[in-house]
Peer 1: 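Just dropping this structure here.
Just so we're on the same page: letters track the sequence lines, and every chain starts at 1.
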Amino acid sequence: MPIDGFDARNKKKIHQKDEYMKRTKIKQALNASSPVDEIVIKGWVRTKRDNKGFSFLELNDGSCLMNIQAVIDHTPEIVAALERIGTGAAVAVSGELVASPGKGQQWEVRGKTLEVIGEADQETFPLQKKRHSDEFLRGIAHLRPRTNKYGAIFRIRSELAQAVHKFFADKDFFYIHTPIITGSDCEGAGEMFRVTSLGAGSQEPADNDFFGKPSALTVSGQLSIEMFSLSLGDCYSFGPTFRAENSNTPRHVAEFWMIEPEIAFADLADDMDLGEEMIKYLITHILDNCAEDVELFAKFVDKTLMPTLENIQKEPFKRLPYTEAIEILKKTKKEFEYPVEWGMDLQTEHERFLCEEQFKKPVFVYDYPKTIKPFYMRMNDDNKTVAAMDCLVPRIGELIGGSQREERMDVLTARMAEMNLSEEEYWWYLDSRRYGSAPHAGFGMGFERMLMLVTGVTNIRDVMPFPRTPKSLEF
RNA sequence: UCCCCAGUAGCUCAGUUGGCAGAGCGGGUGACUGUUAAUCACUAGGUCCGCGGUUCAAGUCCGUGCUGGGGAGCCA
């Protein structure tokens with residue numbers, strides 16, 4: 001049977017090859033070095049311009065930002081097809097690729113045949129040949145990737161994800177798939193979405209639920225990745241993360257992707273080195289590999305994008321102990337809504353002042369008071385601060401949050417006791433400190449926030465295919 | 001969750017002191033032999049977010065709900 005199945009597939013493939021010419025992606029066609037006698041382009045019509053005797057079609061297939069122009073002479077068949085075609089229709093054009101006599105493009109397709117693959121009713125198709133507001137496009141998230149801007153965002157998003165893996169692979173990190181469903185009730189990074197297989201409104205105890213205990217969607221893979229860092233060495237996880245916080249800001253969503261490296265035999269300085277190197281690498285990679293798409297954002301979305309990115313690329317990041325940050329904030333003439341004093345968490349206005357006005361570049365603030373940080377961060381010798389760090393970036397705010405982890409069993413359990421956490425719940429986490437414990441550190445980077453930084457897009461909902469936010473789950 | 005702002009044609013928005021619902025773009029029809037968000041002419045298109053109230057009269061004023069945006073908190 002498996003042999004038959006293989007043969008059947010193989011035959012079908014050959015059959016298809018005989019019958020249809022394979023389509024050429026527009027990106028490839030536009031990069032041609034010489035004319036092509038026979039070419040098939042399949043894509044969506046961006047605009048149709050009719051003249052007496054012939055028409056222009058601009059086609060986009062998503063492979064790149066640019067459209068390809070097809071010129072088609074009118075025949076009765078072509079006119080019949082053209083009448084069914086408007087902005088948004090899916091079509092196939094076959095013909096030859098020739099140097100364009102018109103201005104504005106190097107190549108164009110001189111079309112011989114035109115096939116309507118899918119019509120788009122002009123009365124109801126919502127995308128028009130003009131600029132739409134981001135707010136409007138959020139309401140048609142299923143169609144917005146057909147626009148220039150959103151096509152560019154999602155091509156860059158794909159490339160950025162690949163770059164993350166390449167960065168770590170080149171450094172011999174291992175990619176670990178940490179679980180999405182978790183039983184740790186107290187990962188401590190925010191409100192969690194409950195997972196259950198019991199019926200809606202069920203009063204049954206968690207003992208009767210699928211896992212026999214309460215379960216939820218992960219808010220962080222950190223505790224899991226630590227176990228692998230203390231086994232395979234340098235590791236990272238990169239996957240979806242869920243927060244049930246009722247946050248309504250342009251920087252928060254309920255479902256997002258987080259990159260969480262964890263490095264073994266490493267301290268907080270190593271952790272900051274890694275974060276800085278990674279941010280610089282990702283920016284360089286996108287500038288090198290998505291130049292055309294990035295240019296769109298530099299032109300139309302954020303005029304300061306290129307200088308901002310170049311500045312991040314070449315300037316060493318500022319590293320600032322929390323205590324010094326407080327002194328700077330106290331000394332400055334600028335007035336803040338929230339009064340500044342040692343022991344408080346930095347407010348958005350303080351973070352923005354530090355990276356946008358004081359230093360004008362990314363800033364690592366580190367060694368925060370222990371009272372505002374979770375139990376697993378390593379206690380410093382002053383017994384007042386922990387080895388935590390946040391990387392603050394102009395316009396985005398917190399792009400990275402991380403720490404050196406507390407590897408000393410006695411200090412860790414003392415901290416847990418202080419914070420009323422049960423050792424039993426964390427038995428497996430504590431085992432890593434009980435057996436062969438070693439210094440290690442890591443951080444979480446918001447993938448979408450990185451994407452916002454690279455594109456200049458100011459709302460996180462616009463860099464996600466289908467964003468999940470409070471009261472919004474249409475798509 | 002709190003504070004502020006907005007909701008009028010498919011889209012972007014104007015609408016004066018409460019007095020007949022408007023523009024540009026898009027759509028449709030026609031013209032044009034190389035266009036570039038083509039151009040030109042003509043044309044259709046409205047639950048003024050929902051509910052309640054004030055008033056002779058409400059898109060406009062008041063109350064309330066919903067949705068969206070900005071800011072804050074939480075954080076990535």
Peer 1: Answer with base, sugar-phosphate or nothing: what part of the nucleic acid does Pro126(A) contact at a heavy-atom distance below 4.0 Å?
Peer 2: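 Nothing, no nucleic acid heavy atom in range.
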Peer 1: When you compare the ring of Phe447(A) with the six-membered ring of A76(B)'s base, are the centres less than 5.5 Å apart and the planes under 30° from each other?
Peer 2: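 So Phe447(A) does not count as stacking on the base.
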Peer 1: Is there a donor and acceptor pair closer than 3.5 Å between the side chain of Gln105(A) and the base of U35(B)?
Peer 2: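 Checked by distance alone, the answer is yes.
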Peer 1: If you look at every strand shown and take non-hydrogen atoms under 4.0 Å, does Ile259(A) touch a base, only sugar-phosphate, or nothing?
Peer 2: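 No contact.
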Peer 1: What do you reckon, are the aromatic ring centroids of Phe317(A) and Phe359(A) less than 6.0 Å apart?
Peer 2: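 No, they do not, as the ring centres are separated by 6.0 Å or more.
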Peer 1: Does U54(B) have a Watson-Crick or wobble partner in any strand here, with both distances under 3.5 angstrom, and which is it?
Peer 2: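 Because no pair has both required distances under 3.5 Å, U54(B) counts as unpaired.
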Peer 1: OP1 or OP2 of G73(B) less than 4.0 angstrom from a side-chain nitrogen or oxygen of Gln347(A), does that happen here?
Peer 2: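 Result: yes.
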Peer 1: Would you please confirm or rule out a distance under 4.0 Å between OP1 or OP2 of G73(B) and any side-chain N or O of Asn246(A)?
Peer 2: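 Indeed not, no polar side-chain atom of Asn246(A) lies that close.
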Peer 1: Does the separation of the ring centres of Phe54(A) and His74(A) fall below 6.0 angstrom?
Peer 2: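 No, ring centres 6.0 Å or more apart.
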Peer 1: Check this one for me: any side-chain N or O of Ser247(A) less than 4.0 Å away from OP1 or OP2 of C75(B)?
Peer 2: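 No, Ser247(A) has no side-chain N/O under 4.0 Å of OP1/OP2 on C75(B).
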Peer 1: What nucleotide, of C74(B), U12(B), U33(B), holds the atom closest to the side chain of Ser133(A)?
Peer 2: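 Ranking C74(B), U12(B), U33(B) by closest atom to the Ser133(A) side chain puts U12(B) first.
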Peer 1: Pick base, sugar-phosphate or nothing for Leu399(A), based on heavy-atom distances below 4.0 Å to the nucleic acid.
Peer 2: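 The residue Leu399(A) makes sugar-phosphate contact but no base contact.
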Peer 1: C13(B) P sits how many Å from Lys130(A) NZ, rounded?
Peer 2: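 Those two atoms, NZ and P, are 9 Å apart.
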Peer 1: I want to check something: taking the side chain as every heavy atom from C-beta on, are Tyr366(A) and Arg319(A) in contact at a cut-off of under 4.5 Å?
Peer 2: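 Yes, side chains in contact.
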Peer 1: Which one is paired to C40(B), where only Watson-Crick or G-U wobble pairs with both distances under 3.5 angstrom count?
Peer 2: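 Its partner is G30(B) (Watson-Crick or G-U wobble, both distances under 3.5 Å).
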Peer 1: Would you verify whether the NZ or CZ of Lys330(A) falls within 45 degrees of the ring axis of Trp342(A) while also being under 6.0 Å from that six-membered ring's centre?
Peer 2: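 Ring-cation test returns no.
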Peer 1: As a test of reading the structure: which of U1(B), U12(B), G34(B) is closest to the side chain of Ser100(A), going by heavy atoms?
Peer 2: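 Selected nucleotide: G34(B).
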Peer 1: Give a yes/no answer on whether the side chain of Arg49(A) brings an N or O atom under 4.0 Å of OP1 or OP2 in C32(B).
Peer 2: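 Answer no for this pair, as no side-chain N or O of Arg49(A) is under 4.0 Å from OP1 or OP2.
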Peer 1: For Tyr175(A) and Phe238(A), I'd like to know if the aromatic rings sit close, meaning centre-to-centre distance below 6.0 Å.
Peer 2: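 Not under 6.0 Å, so no.
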Peer 1: How long is the line joining CZ of Phe136(A) and P of G26(B), in whole Å?
Peer 2: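 After rounding, the gap between these two atoms is 15 Å.
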Peer 1: Which part of the nucleic acid does Gly53(A) contact within heavy-atom distance under 4.0 Å: base, sugar-phosphate only, or nothing?
Peer 2: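 It contacts nothing in the nucleic acid.
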Peer 1: Is the distance from OP1 or OP2 of A72(B) to the nearest side-chain N or O of Arg251(A) less than 4.0 Å?
Peer 2: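 Yes, such a contact exists.
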Peer 1: Are Ser55(A) and U35(B) close enough that a side-chain N or O sits under 4.0 Å from OP1 or OP2?
Peer 2: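 Ser55(A) to U35(B) OP1/OP2: no side-chain N or O under 4.0 Å.
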Peer 1: Is there any protein nitrogen or oxygen under 3.5 Å from a nitrogen or oxygen in nucleotides 27-29 of chain B, and what are the pairs?
Peer 2:
{"residue": "G27(B)", "atom": "O2'", "partner": "Glu123(A)", "partner atom": "OE1", "Å": "3.4"}
{"residue": "G27(B)", "atom": "O2'", "partner": "Glu123(A)", "partner atom": "OE2", "Å": "3.4"}

Peer 1: Considering only heavy atoms and no angle criterion, is a donor-acceptor pair shorter than 3.5 Å present between the side chain of Arg131(A) and the base of C25(B)?
Peer 2: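 Under the 3.5 Å cut-off, the side chain and the base do not form any donor-acceptor pair.
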Peer 1: Pick the P atom in C66(B) and in C51(B), then give their distance to the nearest Å.
Peer 2: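 15 Å, rounded to whole Å.
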Peer 1: Pick base, sugar-phosphate or nothing for Met445(A), based on heavy-atom distances below 4.0 Å to the nucleic acid.
Peer 2: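 Nothing: the residue Met445(A), judged by heavy atoms under 4.0 Å, touches no strand.
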Peer 1: Which nucleotide, G10(B), A76(B), U1(B), lies nearest any side-chain atom of Glu398(A)?
Peer 2: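 That would be A76(B).
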Peer 1: Ignoring the backbone of Asn459(A), work out which of C75(B), A37(B), G70(B) is nearest its side chain.
Peer 2: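 So the nucleotide nearest the side chain must be G70(B).
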Peer 1: Rounding to an integer number of Å, can you tell me how far Phe125(A) CZ sits from G26(B) P?
Peer 2: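 Spelled out: CZ on Phe125(A) to P on G26(B) is 15 Å.
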Peer 1: Once you round it to whole Å, what is the distance between C1' of A76(B) and CD1 of Ile279(A)?
Peer 2: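 After rounding, the reported distance stands at 12 Å.
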Peer 1: When you check the side-chain N and O atoms of Glu351(A) and Gln347(A), is any donor under 3.5 Å from an acceptor?
Peer 2: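 Per modelled atom types, Glu351(A) and Gln347(A) side chains form no pair under 3.5 Å.
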Peer 1: Between G26(B) atom C1' and Arg46(A) atom CZ, what is the distance in whole Å?
Peer 2: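 Those two atoms, CZ and C1', are 16 Å apart.
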Peer 1: State whether a side-chain donor-acceptor pair under 3.5 Å links Arg251(A) with Asn459(A).
Peer 2: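 Side-chain D/A pair, Arg251(A) to Asn459(A): absent.
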Peer 1: So does Asp50(A) reach the base of U35(B) with its side chain, donor to acceptor, closer than 3.5 Å?
Peer 2: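 It does not, because no donor-acceptor pair links the side chain of Asp50(A) to the base of U35(B) below 3.5 Å.
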Peer 1: Between Arg23(A) and Asp61(A), does any NZ, NE, NH1 or NH2 come within less than 4.0 Å of an OD or OE carboxylate oxygen?
Peer 2: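 Salt bridge present between Asp61(A) and Arg23(A).
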Peer 1: Please give the distance between the P atoms of U16(B) and U1(B) as a whole number of Å.
Peer 2: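 After rounding to an integer number of Å, I get 34 Å for this pair.
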Peer 1: What do you reckon, are the aromatic ring centroids of Phe375(A) and Tyr426(A) less than 6.0 Å apart?
Peer 2: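 Close enough - the centres of the two rings lie under 6.0 Å apart.
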Peer 1: G69(B) phosphate, OP1 or OP2: any side-chain N/O from Arg461(A) under 4.0 angstrom?
Peer 2: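 Yes, such a contact exists.
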Peer 1: With side chains defined as the heavy atoms from C-beta onward, is the minimum distance between Leu320(A) and Ile328(A) less than 4.5 Å?
Peer 2: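 Heavy-atom side-chain distance check passes, below 4.5 Å.
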Peer 1: Please give the nucleotide sitting opposite C13(B) as a Watson-Crick or G-U wobble pair, both distances under 3.5 Å, or none.
Peer 2: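 Looking at the geometry, C13(B) pairs with G22(B).
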Peer 1: Give one of base, sugar-phosphate or nothing for Phe56(A), where a contact means two heavy atoms less than 4.0 Å apart.
Peer 2: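 Answer is base: heavy atoms of Phe56(A) come under 4.0 Å of a base.
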Peer 1: Between the base of C75(B) and the side chain of His252(A), is there a donor and acceptor pair under 3.5 angstrom?
Peer 2: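 Under the 3.5 Å cut-off, the side chain and the base do form a donor-acceptor pair.
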Peer 1: Write down the partner of C2(B) under the Watson-Crick or G-U wobble criteria, each distance required to be under 3.5 Å.
Peer 2: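 Per the H-bond distance test, G71(B).
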